[in-house]
Protein chains: 2
Amino acid sequence: MLQISHRGQLMPPSPIRKLVPFAEAAKKKGIKVYHLNIGQPDIETPAPVLDAVRHFDFKVLEYSHSAGNESYRRKLVEYYGRVGVDIHYNQIIVTTGGSEAILFAMMTCLDPGDEVIIPEPFYANYNGFAVEAGVRVVPIRSDIRSGFALPPIQDFEAAITPRTKGIMICNPNNPTGYLYNAVEMETLKDICLRHDLYLFSDEAYREFCYTGTHTSALHLKGADQHVILLDTISKRYSACGGRIGALVTRNKTVLDAAMKFAQARLSPPSFAQIAGEAAIDLPGNYFDTTRAEYQSRRDLLVTRLNQMKGVFCPNPGGAFYAMAELPVDNTDNFCQWLLESFSFEGQTVMLAPASGFYGTPGLGGQEVRLAYVLNKTDLARAMDCLEKALEVYPGRLS
Amino acid sequence: MLQISHRGQLMPPSPIRKLVPFAEAAKKKGIKVYHLNIGQPDIETPAPVLDAVRHFDFKVLEYSHSAGNESYRRKLVEYYGRVGVDIHYNQIIVTTGGSEAILFAMMTCLDPGDEVIIPEPFYANYNGFAVEAGVRVVPIRSDIRSGFALPPIQDFEAAITPRTKGIMICNPNNPTGYLYNAVEMETLKDICLRHDLYLFSDEAYREFCYTGTHTSALHLKGADQHVILLDTISKRYSACGGRIGALVTRNKTVLDAAMKFAQARLSPPSFAQIAGEAAIDLPGNYFDTTRAEYQSRRDLLVTRLNQMKGVFCPNPGGAFYAMAELPVDNTDNFCQWLLESFSFEGQTVMLAPASGFYGTPGLGGQEVRLAYVLNKTDLARAMDCLEKALEVYPGRLS
């Protein structure tokens, strides 16, 4: 009898996609579904970025360099310079999305059985890459009541074992929207230096900070050997389908080993590298406009949520996600019920139950993640739906 | 002291790229280098394929479905139908190049410590993906003297252990160019059925067969649960940089598990899916033209090689590679010497030493792989260089 692998069985299904069949069924019944469940921005990819791809002039769609086109990597040096990160182009490996940067980092730095500490809730797909790499994710809890701030040092220290090889963060955070401040980043650095750990820093949402400035892990002094930056153009330029990211580090041993993983898969996608390169020449105010749009959506969403009886939503400092606590028995049930059994004026809303973002079983059962990736009109309607739904949901807690 | 992972150390450097610094140095000296070392075709990507990408009309570069656009998968059903493979669109997962299909197949079907039998010499990057998946590659030797035909059944049987989970082939073969015939394919099927093994069949070069017809593993009757097809548009349409491939199987358990790996990395690249979809509407004679071109190159290359004293090159039945035995001490040394110390009329040739394509240490030391991906004028000049080089190489065997 043929068997699939143990890891194939262990591999978690995507928590943000598992409700999709219920959404499809709702749509077949004629119900409009507002998608706040997935981080797919509705903001248009900047026209110059798309035009650059339209105007490519090669005749053979060749492999690029395994580390990405040199012209793109040199351009990325400019980009990083603008955010205060001094880096050489050969310290950048262009990856197939941020996803591949995460996989390469885990594969390069950790062996099967090794552990990586991640504050929970965290980006659910870290679990998937950890299963691929045989790595154990050790979650330490950040709390909705403190707005998901960095857990205290003693929680990290308590979680460290001889197998711990690194700490992974996402800043600003998906799913919580929390923006780690400079003091918290220094704290992380100190722990990593003291215990000889890698600091994996996923900075996919760097430009989307509303209540403070962004501290990149590559700003930290004296941590050059420890910091592995994981990056992507997906959210920055609404270019999710391009599948272009980057692994950036000043640690040459890590770079050299990561390059072998990059060579094995030959090269990152050629077309979207053109997009990524063109994006770096966007006008300086591009991010101001996008940031202002996301911020006004955040304000609408968070205000509406906190006006609902029994709902608590800390104000996120960055990214385009918010986590909210709902007065329901269980958000897995509630989110499915929203699609299966509820509609308000022919509409409903799709949310991501938070349980999939926690590593500790049982946590997140009262929480949902909301991605504010829709325009404010739709967002307001989605909030109307949620408000009505909470009034009539049979599993509402009193 | 920070360490990289054991697997990061184990990961093999690319054997076809390790000579690159020597090629770059030669070019800096003004020497023209003919690249027969890498399977990057010079044949133009068909204009309608590139035009389809130029004329995309979306405004947001969104994630596609994790299994690839449904429209593309439905189109692929047409394509497979034309090569006699009856498949449903939901039995196809579009991957990021054939590379990702190989990785997903290993991750889904094999656990760390499991074994996969591969006739050697084989595509060197199988080693890399095996290291990522913790899988042990068990090579069994195919011999240049028999043109690299499938090794006898008893060699497979002797290699099978309780940890053996599959056999992997590439048909027609990279690096040997060998085309497995229908009888050999049935033999492989029988072994897989008898020993409950997966048959991983990499058919990247399906259309490039010169001395027989292609038998796909998906043509084999009664092996639906065993066969995992690994595919790519890279060579078929000279579209290597697109990074679009596919994992195709009728085994639903494998598909469901592979989909979880696909979901973790969100989606394959969007732009090149457009290219892949357009390619399926190319005129019916597209492959005739391309095949004829490769075949005439093969004829030139193989004839020239066998005319050189002490050189032996079996006539490859497919793909665009040939393996040749050279009268030299060691082809690693010879290939480096070609770049470092040799030129003829200001020109030299870059070849891939075969040692990197063998799993058994010590094999392949007299062999090189040549990719006939250059036009015939360049190919003839490259053969002139090789001929002269063999006359003067200090490590020539008598």
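Just so it is clear, the model here is predicted, and its values are computed rather than measured. Naming convention: chains lettered A, B, ... in sequence-line order (proteins, then strands); numbering from 1 in each chain.
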**Prompt:** Is atom NZ of A:K59 surrounded by more than 12 heavy atoms (other residues, nucleotides or ligands) closer than 6.0 Å?
**Reply:**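 Count not over threshold, so no.
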
State the [atom1]-[atom2] distance between [X] and [Y], to the nearest 0.5 angstrom.
| X | Y | atom1 | atom2 | value |
| --- | --- | --- | --- | --- |
| B:I93 | B:S66 | CD1 | OG | 9.5 Å |
| A:L199 | A:Q225 | CG | CD | 13.5 Å |
| A:T45 | A:I233 | OG1 | CD1 | 9.0 Å |

Name the option with the most non-hydrogen atom pairs under 4.5 Å to chain A; the candidates are [options].
| options | answer |
| --- | --- |
| B:G98, B:A239, B:A272, B:A258 | B:A239 |
| B:L110, B:D114, B:D51 | B:L110 |
| B:F58, B:Y63, B:F271 | B:Y63 |
| B:G166, B:P41, B:G242, B:S64 | B:G242 |

Part of [X] within contact of chain A (heavy atom distance under 4.5 Å):
| X | result |
| --- | --- |
| B:D42 | backbone |
| B:Q273 | neither |
| B:S267 | both |
| B:R243 | side chain |
| B:L197 | backbone |
| B:Y237 | neither |
| B:I244 | neither |
| B:A133 | both |
| B:S99 | side chain |

Most contacts with chain B, counted as non-hydrogen pairs under 4.5 angstrom, among [options]:
| options | value |
| --- | --- |
| A:Q263, A:Q40, A:H6 | A:Q40 |
| A:E62, A:Q3, A:R7, A:M107 | A:R7 |
| A:D111, A:V60, A:T108 | A:D111 |
| A:S270, A:P269, A:A264, A:S234 | A:A264 |
| A:C240, A:A47, A:A257 | A:C240 |

**Request:** Just do the side-chain contact (heavy atoms from CB on, under 4.5 Å) check on B:K165 and B:C109 with the steps written out, would you?
**Result:** CA-CA 8 Å; B:K165 293 288 153 50; B:C109 301; over 6 Å; no

Segment of [X] engaging chain B (4.5 angstrom heavy-atom cut-off):
| X | value |
| --- | --- |
| A:I102 | neither |
| A:H226 | both |
| A:H195 | neither |
| A:N127 | neither |
| A:Y126 | neither |
| A:M106 | backbone |
| A:E100 | neither |
| A:P112 | both |
| A:F104 | neither |

**Message:** Restricting to side-chain contact (heavy atoms from CB on, under 4.5 Å), what partner residues turn up for B:Q9, sequence neighbours left out?
**Reply:**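 Checked B:Q9 against side-chain contact (heavy atoms from CB on, under 4.5 Å); matches are B:I4.
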
**Request:** For B:A275, enumerate each residue passing the side-chain contact (heavy atoms from CB on, under 4.5 Å) test, keeping only those at least two apart in sequence or located in another chain.
**Result:**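 Counting only residues at least two positions away or on another chain, B:A275 forms a side-chain contact (heavy atoms from CB on, under 4.5 Å) with B:V49, B:V53.
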
Could you tell me if the side chain of [Y] sits less than 4.5 Å from the side chain of [X], heavy atoms only?
| X | Y | result |
| --- | --- | --- |
| A:C170 | A:Y123 | no |
| A:N90 | A:L255 | no |
| A:I160 | A:I191 | yes |

NZ/NE/NH1/NH2 to OD/OE distance under 4.0 Å, [X] and [Y]:
| X | Y | answer |
| --- | --- | --- |
| B:D231 | B:R236 | yes |
| A:R136 | A:E115 | yes |
| B:K252 | B:D256 | yes |

**Request:** Could you tell me whether a side-chain N or O of B:T96 sits under 3.5 Å from a main-chain N or O of B:P268, the two making a donor and an acceptor?
**Result:**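 It does not hold such a pair.
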
**Request:** For A:Y198 and A:N251, test the side chains for any donor-to-acceptor distance below 3.5 angstrom and give the result as yes or no.
**Result:**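 Side chains of A:Y198 and A:N251: no pair found under 3.5 Å.
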
**Message:** Using side-chain contact (heavy atoms from CB on, under 4.5 Å), reason through B:Y294 and B:I43 one step at a time and then give a plain yes or no.
**Reply:** CA-CA 10 Å; B:Y294 281 128; B:I43 289 183; 3.6 Å; yes

